[in-house]
Amino acid sequence: MLTIKGLKTSYGQIEALHGIDIRINSGEIVSLVGANGAGKSTLLMTISGLQPADSGTITFEGKDLLKVGADQRVANGIVQVPEGRQVFKDLSVEDNLLLGAYTRGRSQEVEDDLDRMYEKFPILRQKRRNLAGELSGGQQQMLAMGRALMAKPRLLLLDEPSMGLAPLIIEEIFNIIKELKNEGMTIFLVEQNASQALALADRGYVLETGRVVVEGTGRDLLSNEKVREAYLGM
Amino acid sequence: MMARFSDFRLKGLVFLAIVVFALPMFISNPFHYGLATQTALVAAAVVGLNLLVGFAGQISLGHAGFFGLGAYFSAIMTSNYGWSAIPALVLGAVFVAIIAWIVGRPILRLKGHYLSMATLAVGFIIAIILNNEREITGGPDGMPVPSFDVFGWELSVFGQYSLFGMDISGDLAWYLFAGVVLLVAVWLAQNLIDSPIGRALRSVHGSEVAASVVGVNTAKYKSLVFVISAVYASVMGALYGHFQGFITPSVASFDFSILLITMVVLGGMGSTIGVIIGAVVLELLPQLLADFQEMEMVLFGLILMLTMIFMPKGLLPTAANLLAKRRAKSAGGDA
Amino acid sequence: MTALVEVRNLSKAFGGVHAVEDVSFSVDAGQVYSVIGPNGAGKTTLFNLITGLYTPTSGEVKLNGESIAKLQPNQLAERGMCRTFQQMQICMNMTAIENVMLGRHLTLKSNLLTTLFRLPALTRGEKAAREKAAELMEFVGCGEYLDTEASAMSYGALKRLEIARALAAEPKVVLLDEPAAGLNAVETAALEELIRKIAGQGITVMLVEHDMKLVMGISDRLLVLNYGRVLAEGTPEQIRTNPDVIAAYLGG
Amino acid sequence: ADPIRIGSFLSVTGPASFLGDPELKTLQMYVEKINEEGGVLGRQLELVHYDDAGNASKARNFASRLIRSDRVDIIVGGSTTGATMAAVPMIEQAGVPFISLAGAVVITTPVKKWVFKTPQSDRMAAERILTDMKSRGLTKVGLISGTGGFGSSGREQTLAVAKEMGGIEIVADETYGGSDTDMTAQLTNIRNTDGVQTILNFGFGQGPAIVTRNYAQLGIELPFYQSHGVASDGFLELAGSNAEGLRLPASPLLVPESLPESDPQKPVVEAYKSEYEARWNSKVSTFGAYAYDGLNLAVKAIEKAGSTDKEAVRDALENIQGHVGVTGTFNMSPTDHNGLEADSFRILEVQDGGWKLIN
Amino acid sequence: MFSEFLQYLFTGITIGATYALIALGFTLIYNASHVINFAQGEFLMIGGMATVSLTAMGVPMLLAIVLAVVLAGVLGIALQRLAIAPAKNADVVTLIIITIGASIFIRGLAQLVWGKEYHVMPNFSSDEPIEIFGAVLNTQSLWVLGVGAVLVAVLVYFFTRTLTGKAILATSMNKDAARLVGIRTQVVLMLAFMVSALLGSIAGIVVAPITFTSYDIGIILGLKGFVAAAIGGLGSGLGAVVGGLALGVVEAMAAGYLSSDYKDAVAFSMILLVLFFMPRGLFGAKVVERV
Ligand SMILES: Nc1ncnc2c1ncn2[C@@H]1O[C@H](COP(=O)(O)OP(=O)(O)OP(=O)(O)O)[C@@H](O)[C@H]1O
Ligand SMILES: Nc1ncnc2c1ncn2[C@@H]1O[C@H](COP(=O)(O)OP(=O)(O)OP(=O)(O)O)[C@@H](O)[C@H]1O
Ligand SMILES: [Mg+2]
Ligand SMILES: [Mg+2]
């Protein structure tokens, strides 16, 4: 579904990704692990089109993604839950969710999805009239997730979705991710909670200072010595 | 970085000194001295404004008010009350500092455009007072200002002086004086920036919350830098008045406030040498464009726009970036 | 012996939301004291109240026996309290080390005169501050970023930077709001080590965290909030087995 | 031979552009014309001009540039009093003859060695207006003025003249800002002042037109005076029918046809008017005439001096007698660097949308 | 006494309605980008001047108005496309300076094309003022008020009810996040500039019969509009109107009862006072700063 080849990206003079090759098949959960500063967020931002690529290719269902703008990518179904939540602080929770469906306009279907989101995250229904900025950190994280789902993504990019969530909710989030997979969604998951992420993933990649150093099935990675030592702390 | 920073600081000052003292070799015409003198004084005021805008991140759209207050204070004391210029200038600075402190306290609580608005209001109120109090200020037609004197010794553009045995004209003398004033202003400003106080100021820009939880009294520092930049403006205003020999309320006008802030942004917010370049450009540009008559305004607007579009970080920072890039490239080529 | 931090019947309401309601507890000097609870339970709000960023609706907080009701955050910092944030507060217009040096603000006594004329005392102080800051950055594990612009650092690196900044102030008590968020297991283990070291220096640590492994392993006592109210308080052992806490928060 | 360099700084743009614009046009066209006719002393004239945009410190800079960089022989310029006064110290020091085109009385009172001016001073305007009022038996005056240089100096002169003249009293004293868009409040105050018999507005720009309109809207019936600051056809266009019946002092330029044949100014005025309007395809204004007179005085002085020696030109200027200009007849002297009398102002009234000479 | 007060009030409303209409133009661009568009006053000027010069060329008034508004709209788009969009990632202050440059540029052009004279525009309806209890009110003020009311209603509806309106707000709050939900931020900004140019030119046309019009009318009216917008609370349509009216009424009352010399100073002091007690103006959006 998504194929990345030889991708290089830099901030000014500093190159952050030094030629990345990644493939995500339709219906898979692919997990990306790496230390702080490895370039995980940079990669997601490049896929979403907020960070320009220097060289290499990204193809999505055979189309060259680098040729289209960020908004087009969302319309094509590539949607991201960004790091640090990035909710629209001075808009209400409901407006945030509705804007998630911006590319879909406003229809009955969207209204129904809104209801479904409230069912998934009941706290959001309770806070729907509150400004997003008033939510607690974890509540904002849920909102960010809900906003992304409102776009009806086909490829969902998750940048540390469990960050700042209570243990019960983390379980909940992982359950949701599984559910989404069952609904046929493709998911690219960046997680620090590597053991859980890899357990869930069909395949995984390990990123180290802008390079893919290990790749394999989730199970392979979980049992890989190097990964266990460096990321799972076992 | 700090090593590099202080290194750069020194380099900037030395560079500036060389420019200031070498310039007379390229000037033959007393008018150009006048222009250079005026530019140096305005640039020094802009260096002060940059402390507030570029480092502490607080926008002022009324800074000319303080410039004008300083100018008028000195003008009134010297011409109406026969004071000598130095005490007038110093007392003017104290007076302006007090005013700035009083108005600064409440308005510096404001953020962003609301702060701009409040400073704009303060500037306007000052300008209105200067404009209306005809008996004291001469009203909109302005008032003459005696030449600058240091306890009896007079500095006048029309005088003749000798310096290290050389005969120099009053224009050159004024220019050298203004140049030295600028250098001192830069030196002080750079010392301030490269210090714990300077860091605290920048942190107010970066994150007030972060600053306050490590013990920075943000209100105090904002007031402090507001007062310091007002004092800069006041002193330069006073000198400007003495140099010009005549002032009108336009020295305190909104237009001038906008010009000052434009100098900061055009030159490069937060870069002391940069904002001086901004001042030089915006002081000289109208002179260059004067020959274009009706087209002057169009060209000025166009140049201002294009510069900011293509050098959004300001002249100096953008140029420095370009240079760094080029260097990185050629270094890469070598490797 | 009076407690270092003492919270009495503290409440904070935002409009109709009772973010913190009638919370009381106390923290003794030298403890590692953690606050846990579901999302939106009021943990961050509690920290904001203790550090003077919010004014309580009712109740009070005492630091070292002194009521902090009228004190600003910077005055609390002067009394030895420092913190990090869940939503990071970094000065993005500065380099990493300058951010940490900012933490030294209170220990650098400088007046306008020494500053303007750059007297030697100032340069000396700056040099020392820089060394200390570099040391701290090494200590928290972002020594490689010394002169990096803060805006060019990754999320995780910034989180550590914030801890370094808080420590630079040489606090008596430091409040950490979700320091492990965004760290992987190995990094979290390193953080645990770090917090132990901090506590080992006699600094009181208050911690909000969702990583139970970290919290349970390191805390002397725990406070559990739910809907702004105290659900439980006690040692890790007591909390781990408390059925209310399991139901509301831990799951399992 | 080298050209004779005539320097000028004018407010061609900015709030006072309605002064500077016709002034510049006048200078340009007459310098051309004089050159076509062979120049002065056999030398061509060269106009060096800068736009000060009504900003005093710019004016000073340009004056300095004219004197020290362009080395002009004489300066004709300074549209506003502020611009003029800012340049005066520099000019006095440098010793360059300077003919100002601005109105305030302070420019030539006290007399400054190198400074002359062509417009009647605002003091004369005040005298002329108050005299006309008195002759109509109007003695209680409500004054409204602009806060700009022109208005505020005019206000001051009006107050002073009223005091000296006696028998006339300013009973209300209001002001408005240069860019205000409604003066109804001030006019209401004046109207409600006890015993007020007439209203005088001292100001220039679009403000007086707004005052005039508000005046009509409020239905005030008192006789209404404006200053010479609005003596142009442009004002009539702006104020429209609201201006009916108001009076002001002005140069005869606005009513050349009504001048008697015997009036020595008649041919000068008619010539200037027709030449200007033919060349620029826009109406003449009194302000352009200040520049016309200034240029001609300069030329005359240079001719009399027989050289461009600054000292000689200045002396010649100071001794010009009986020079008939558009603004009036100039009789300069060491004690009078303006050389005009108050009666060079004619009182005009707006009737049927046009100017009518009253006396 | 009462009629005097009433007259001051009417005067204030006349001036204030003008300010209010101008302030509305600021609201839109502010909401889209947090930029104070210093060229807003020029849209005003374009509206008035283009209408006047077109009618002088014999174009019927209504058509002239439409053409003038279109011209301003095109200019708004051009400003965004050519000046704002290329300065990607620039600070807000930089963008503000760009708008200052644009303002000078446009004014310079207008001066070249249209000259420096002031021009009159006839009242939309009767020249006869309305008299109420001995005080008079210009009919054009009613037009200004009416147009203002309609525009506020439209703006409020737009920002609270339509997705596009919310997308504009979202763009100003967090540009990256806006792009992540698929908002074409550049298009949104262009739209905002165009609409606010339209608003500005409409304001310029409606107020021209009161203020006269000339190439440089935009400076001071733009400034007063900014002031009004700030008192009302930047970004709030209702605030812009209330702020404008308040500013006008204070000016008129100060001129009437205190001192006409100091009426502007009184108005500016009022602003300081308002901001002192309400740091985000009268209707400024509540902003949460959570840590
Ligand atoms: N805006 C920026 N400018 C310059 N460099 C940057 C910028 N953002 C990130 N970097 C650098 O790029 C590299 C990759 O950063 P990125 O944020 O992608 O890391 P990450 O893997 O997401 O880390 P984390 O787990 O901490 O979120 C880091 O070395 C970082 O310092
Ligand atoms: N400024 C505010 N205005 C309105 N409600 C607020 C505000 N700040 C916090 N709240 C509400 O108070 C409650 C507690 O928030 P708080 O941030 O303290 O939670 P928390 O325990 O830190 O949660 P998390 O673990 O998700 O960070 C939440 O329901 C939140 O929505
Ligand atoms: Mg990341
Ligand atoms: Mg929290």
Side-chain angles (χ1 to χ4, degrees), chain B residues 53-54 57 59 61-62 103 106-107 109-129 131-134 207-210 213 254-255 258-259 261-262 264-266 269 294-314, chain E residues 30 34-36 38 79 82-112 219-220 223 226-227 229-231 233-234 259 261-272 275-276 278-281 284 287 289 291:
Chain B
V53 178
I59 305 290
L61 293 185
V103 300
I107 67 175
R109 293 185 318 144
L110 301 170
K111 302 234 151 53
H113 296 308
Y114 293 98
L115 177 64
S116 319
M117 182 74 250
T119 50
L120 179 152
V122 169
F124 255 103
I125 292 172
I126 292 172
I128 291 170
I129 294 171
N131 204 55
N132 280 333
E133 294 307 313
R134 267 192 93 88
S207 163
E208 272 194 47
V209 187
V213 297
F254 176 61
D255 292 6
I258 293 286
L259 185 66
I261 192 95
T262 307
V264 171
V265 180
L266 185 83
M269 274 195 289
E294 288 105 55
M295 293 299 289
E296 181 182 338
M297 224 197 281
V298 177
L299 291 174
F300 184 82
L302 202 61
I303 291 172
L304 184 57
M305 248 194 311
L306 292 179
T307 323
M308 291 313 328
I309 291 171
F310 294 109
M311 309 183 116
K313 295 257 168 284
Chain E
Y30 177 83
H34 287 185
V35 169
I36 297 295
F38 271 87
L79 178 61
L82 303 178
I84 305 291
K88 291 191 270 305
N89 311 325
D91 276 358
V92 169
V93 202
T94 303
L95 293 178
I96 290 179
I97 302 289
I98 291 178
T99 67
I100 291 179
S103 149
I104 298 173
F105 175 70
I106 296 172
R107 205 181 315 139
L109 277 185
Q111 179 205 313
L112 283 180
I219 312 174
I220 193 76
L223 181 70
F226 168 42
V227 171
I231 304 178
L234 290 167
S259 145
D261 271 351
Y262 280 102
K263 72 171 173 36
D264 283 326
V266 171
F268 281 115
S269 309
M270 178 196 80
I271 291 159
L272 289 177
L275 291 180
F276 185 74
M278 311 174 105
R280 309 204 135 253
V287 170
E289 278 173 48
V291 286

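These values consider heavy atoms only, across backbone and side chains, with no hydrogens, waters or symmetry-generated copies.
- When E:I100, E:I106, E:L109, E:L223 are compared by the number of non-hydrogen pairs under 4.5 Å with chain B, E:L223 comes out ahead.
- Only the side chain of B:I107 comes within contact range of chain E, with heavy atoms under 4.5 Å apart.
- Interface remark: B:F254 contributes side-chain atoms only to the contact with chain E (heavy atom separation under 4.5 Å).
- Top candidate by heavy-atom pairs under 4.5 Å with chain B, chosen from E:D91, E:I271, E:V93, is E:V93.
- For the pair E:D261 (side chain) and B:N132 (backbone), a donor-acceptor distance under 3.5 Å is absent.
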(Q) Checking E:L112 against B:M295 for the side chain to side chain contact (heavy atoms under 4.5 Å, CB included) test, could you report, in this order, the C-alpha distance in whole Å, the side-chain angles of both residues, the deciding distance, and whether it holds? (A) CA-CA 8 Å; E:L112 283 180; B:M295 293 299 289; 3.4 Å; yes
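- Distance CD/B:E296 to CD1/E:I104: 10.5 Å, rounded to 0.5 Å.
- Rounded to the nearest 0.5 angstrom, B:N131 CG and E:Y262 OH are separated by 9.0 Å.
- Both the backbone and the side chain of E:F226 come within less than 4.5 Å of a heavy atom of chain B.
- Most heavy-atom pairs under 4.5 Å with chain E: of the set B:I303, B:L306, B:V298, B:L304, this distinction falls to B:V298.
- Across B:M305 and E:G101, no two heavy atoms sit closer than the pair CG-C, 3.9 Å.
- Nearest heavy atom pair, residue B:I125 against residue E:S269, reads CD1-OG, 3.7 Å.
- Across B:V265, B:L266, B:T307, a single residue satisfies side chain to side chain contact (heavy atoms under 4.5 Å, CB included) together with E:I97, and that is B:V265.
- Heavy atoms closer than 4.5 Å to chain E are found in the side chain of B:M269, but not in its backbone.
- Proximity to chain B is absent for every atom of E:I231, based on heavy atoms less than 4.5 angstrom apart.
- For B:I258, the part lying under 4.5 angstrom from a heavy atom of chain E is the side chain only.
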Q: Could you check B:V122 against E:F268 for side chain to side chain contact (heavy atoms under 4.5 Å, CB included), going step by step and ending with a plain yes or no?
A: CA-CA 8 Å; B:V122 169; E:F268 281 115; over 6 Å; no
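- When atom types are taken as modelled, the side chain of B:H113 and the backbone of E:H34 share a donor-acceptor pair closer than 3.5 angstrom.
- If you measure heavy-atom distances from E:V92 to chain B, the contacts under 4.5 Å come from the side chain alone.
- Contact annotation for B:I309: both backbone and side-chain heavy atoms come within less than 4.5 Å of a heavy atom of chain E.
- With hydrogens and angles disregarded, no donor-acceptor distance shorter than 3.5 Å links the side chain of B:Y114 to the backbone of E:M278.
- If you tally non-hydrogen atom pairs under 4.5 Å between each of B:I126, B:V264, B:L299, B:L302 and chain E, the highest count goes to B:L302.
- Nearest approach of E:A265 to B:I128, heavy atoms of both residues: N-CD1, 3.4 Å.
- The main-chain N or O of E:F276 is found under 3.5 Å from a side-chain atom of B:R109 such that the two form a donor-acceptor pair.
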